[in-house]
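Residue numbers start from 1 in every chain, and the chains themselves are labelled A, B, ... in the order their sequence lines are given, proteins ahead of strands.
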There are 2 protein chains.
Amino acid sequence: MSATIKDIARKVGVAPSTVSRVLSGKSKYYTPETEKKVKQAVEELGYKKNQAAVELVKKQSNVIAAVVSSVKTNFAGEIIDGIQAEASKNGYNLIVVYSGSADTEEQKKALLTVIERPVMGVLLLSIALSEDNLKLLDESNTPYCFLSMGFDDDRPFVSSDDEIIGYTATKYLIEHGHRKIGLVGLDKYPYTGRLRTAGYTRALLENGITPKQSWLEYGDYSYVAGELAMKKFGKDTEITGVVAASDLTAIGILNQARNFGLRVPQDLSIISIDGTEMCKIVQPQLTSISQNFYEMGVIGVRQIEQRVKTLNKTFESQCLVPIKISERQSVFCIE
Amino acid sequence: MSATIKDIARKVGVAPSTVSRVLSGKSKYYTPETEKKVKQAVEELGYKKNQAAVELVKKQSNVIAAVVSSVKTNFAGEIIDGIQAEASKNGYNLIVVYSGSADTEEQKKALLTVIERPVMGVLLLSIALSEDNLKLLDESNTPYCFLSMGFDDDRPFVSSDDEIIGYTATKYLIEHGHRKIGLVGLDKYPYTGRLRTAGYTRALLENGITPKQSWLEYGDYSYVAGELAMKKFGKDTEITGVVAASDLTAIGILNQARNFGLRVPQDLSIISIDGTEMCKIVQPQLTSISQNFYEMGVIGVRQIEQRVKTLNKTFESQCLVPIKISERQSVFCIE
DNA sequence: TTGAAAGCGCTAACAC
DNA sequence: GTGTTAGCGCTTTCAA
């Protein structure tokens with residue numbers, strides 16, 4: 001097995017504690033001389049710190065864990081980038097574990113691999129935890145924060161304002177002359193889908209438009225959801241503009257519309273929600289409501305930091321990061 | 001802090017070792033009665049195992065670590081899926097850490113967060129380690145295996161046969177009547193780029209075509225690399241077909257060609273390498289040489305297993321997984 | 001079947 | 001500055 005500080009201590013002729021001090025850089029407590037000898041022995045023996053031992057005695061570590069609902073969500077990467085950057089800046093390490101979004105058992109496994117060791121905090125990316133798993137998380141006393149996910153109660157999260165997203169997207173279409181506007185791919189019940197739908201409805205109503213049931217196609221934010229919805233709308237739909245639940249959904253709509261022989265945006269305008277790189281690689285490029293995923297990651301790390309420092313669960317912990325409209329080529333002004 | 005086995009032991013009125021036995025399911029060494037009492041106490045106290053302590057004494061864990069070169073590579077997700085599935089099947093847990101591909105310091109940090117604790121093995125996804133970091137990895141005595149990455153020496157890896165990839169892609173174009181064939185987006189020096197170029201050249205030569213320097217545009221597998229190369233080729237290029245280093249590169253070529261007013265595939269055929277989902281969401285859908293990334297992940301886990309079990313570094317450890325051609329819509333037969 | 005005791009590799013008082 | 005000591009939470013002999 002690997003060398004330990006004892007081995008080094010023996011080799012150099014000092015006490016293990018001295019080695020420990022050198023290795024932890026407590027520079028007030030050793031001479032440059034010992035430092036040099038120790039460092040050299042470390043090199044020769046190929047010594048590697050055993051973090052398990054360190055964490056056991058210190059009861060805290062500098063690793064932040066991110067639990068991600070699925071490998072495929074295309075914005076997860078941007079959030080992780082943000083987490084990584086901010087973590088790195090502060091000397092923390094990041095580990096991420098993946099978990100099927102739906103399966104409770106898998107969620108639990110992912111959660112356990114993370115909270116069964118002394119991590120400094122856990123960030124949960126757009127993952128809807130079951131009741132049991134939520135309880136698990138609470139009991140673990142590990143600081144945590146949800147990202148790209150909201151709650152009605154007082155759980156800590158950082159996300160975008162989904163009502164505003166729905167509202168802004170719809171309003172944008174209305175301002176471009178659209179009156180018959182579809183909403184596609186949202187899930188019906190949870191927080192996000194509900195709020196976005198509410199925003200959509202508010203925008204319509206405020207502008208004297210009565211929402212029609214047939215304009216609404218729920219789904220799972222996927223490419224296929226977009227395709228399917230467009231098929232249902234049909235080639236001769238009265239709809240002139242549609243709000244898509246995600247970039248992928250928007251592309252599904254786009255391709256299916258094209259297959260119908262519809263021109264985008266002349267015959268059908270599309271505005272998508274998310275604003276990931278995908279918007280820029282399809283033609284026409286997708287106009288989108290862009291979320292600042294990177295920033296969510298950054299703030300998430302800060303939330304964990306706060307919680308570690310203050311040990312105070314009651315400070316303000318729900319945070320909404322601003323969105324913006326990225327005008328590209330998929331919305332047509334029909335005035 | 002969290003409850004420990006001592007707390008449970010005290011509460012139930014048994015020794016810590018007994019609690020440990022129950023928790024580890026060594027069912028020969030306790031009565032159902034004690035089991036029940038212990039389990040109940042665990043529940044009431046919200047006890048959570050401290051893996052740091054377990055790993056310290058057992059000196060091994062059931063977590064496999066994956067080091068990924070960047071969040072953005074779009075095939076990393078497929079490899080991770082494969083790893084996850086196989087790991088899960090065998091009761092291992094997966095953690096992944098991200099590392100900038102280029103920066104040596106970042107690589108080192110990523111590597112250390114992983115090998116400084118007793119992981120059972122580490123999988124490195126298409127990451128080119130510096131000499132120092134390679135040494136670090138070797139010294140750690142942790143079993144490892146590179147994925148989607150090859151070597152000339154005897155380091156363990158599982159990958160596709162890059163020479164065959166280059167050859168097959170080029171041959172496919174030739175069989176469809178193309179004689180002037182571009183190669184775009186590969187990096188010039190390392191293993192992958194060199195081999196694919198070799199395969200490309202062999203296919204050309206075997207068919208009596210003399211490769212031209214101007215058909216070759218190196219790059220970094222990115223979208224922009226594709227765009228740039230196409231710009232260099234120009235609107236009036238003699239090239240009728242091109243092999244793209246990655247799906248993203250292919251899309252870059254596609255869009256730039258379109259901007260030139262070229263029709264794909266009638267005026268320009270494109271075959272891309274990788275075959276991720278991206279190929280299916282652009283129009284026309286991209287014909288590709290598809291790599292079996294999922295399988296790479298699966299095999300990677302098995303490699304780690306082998307190495308743990310046999311403790312034998314010398315067994316066959318370089319593995320090539322077969323590729324296939326996915327015919328879609330971006331190659332035109334000009335015969 | 002259970003308990004007592006040792007020890008994994010490390011850090012953190014405390015004494016010198 | 002450095003050594004000695006205790007102990008983090010757990011598993012694992014060894015006895016009983």
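- Residues from residues 38-48 of chain A placing a heavy atom under 4.0 Å of any atom in DNA chain D do not occur.
- Residue A/Tyr30 is classed as a sugar-phosphate contact, given heavy-atom separations below 4.0 Å to backbone atoms only.
- A close approach under 4.0 Å does not occur between any side-chain nitrogen or oxygen of B/Lys26 and OP1 or OP2 of D/dT11.
- Comparing D/dG9, D/dT11, C/dT11 by their closest approach to the side chain of A/Ser24 singles out C/dT11.
- Side-chain N/O atoms of A/Tyr144 and A/Arg307 include no donor and acceptor closer than 3.5 Å.
- Remark: B/Glu305 does not engage B/Arg302 in a salt bridge, criterion side-chain N to carboxylate O under 4.0 Å.
- Counting to the nearest Å, the P atom of D/dT12 and the NZ atom of B/Lys28 are 15 Å from each other.
- Spacing between atom NZ of A/Lys58 and atom P of C/dC10 amounts to 12 Å, rounded to whole angstrom units.
- Going from atom CG of B/Leu56 over to atom C1' of C/dA6 covers 13 Å, rounded to whole Å.
- Taking atom NZ of residue A/Lys59 and atom P of nucleotide C/dA13, one finds them 13 Å apart after rounding to whole Å.
- No donor-acceptor contact under 3.5 angstrom links the side chains of B/Asp81 and A/Tyr98, judged on distance only.
- DNA chain D lies under 4.0 Å from at least one heavy atom of each of the following residues of residues 9-22 of chain A: A/Gly13, A/Val14, A/Ala15, A/Ser17, A/Thr18, A/Arg21.
- In this structure, CZ of B/Arg117 is placed 14 Å from C1' of C/dC10, rounded to the nearest angstrom.
- Comparing B/Thr31 and A/Ile5 by the nucleotide of DNA chain C whose heavy atom lies nearest to each, the residue mapping closer to the 5' end is B/Thr31.
- Side-chain atoms of B/Thr34 and B/Thr31 form a donor-acceptor pair, as typed in the model, at a separation below 3.5 Å.
- Residue A/Glu55 contributes atom CD, which lies 13 Å from atom P of C/dA12 at whole-angstrom precision.
- Atom CG in A/Leu23 sits about 7 Å away from atom P in C/dT11, given to the nearest Å.
- A salt bridge between A/Asp132 and A/Lys135 is absent, with no side-chain N of the basic residue lying under 4.0 Å from a carboxylate O of the acidic one.
- At whole-Å resolution of the value, CG in B/Asn50 and C1' in C/dC10 are 14 Å apart.
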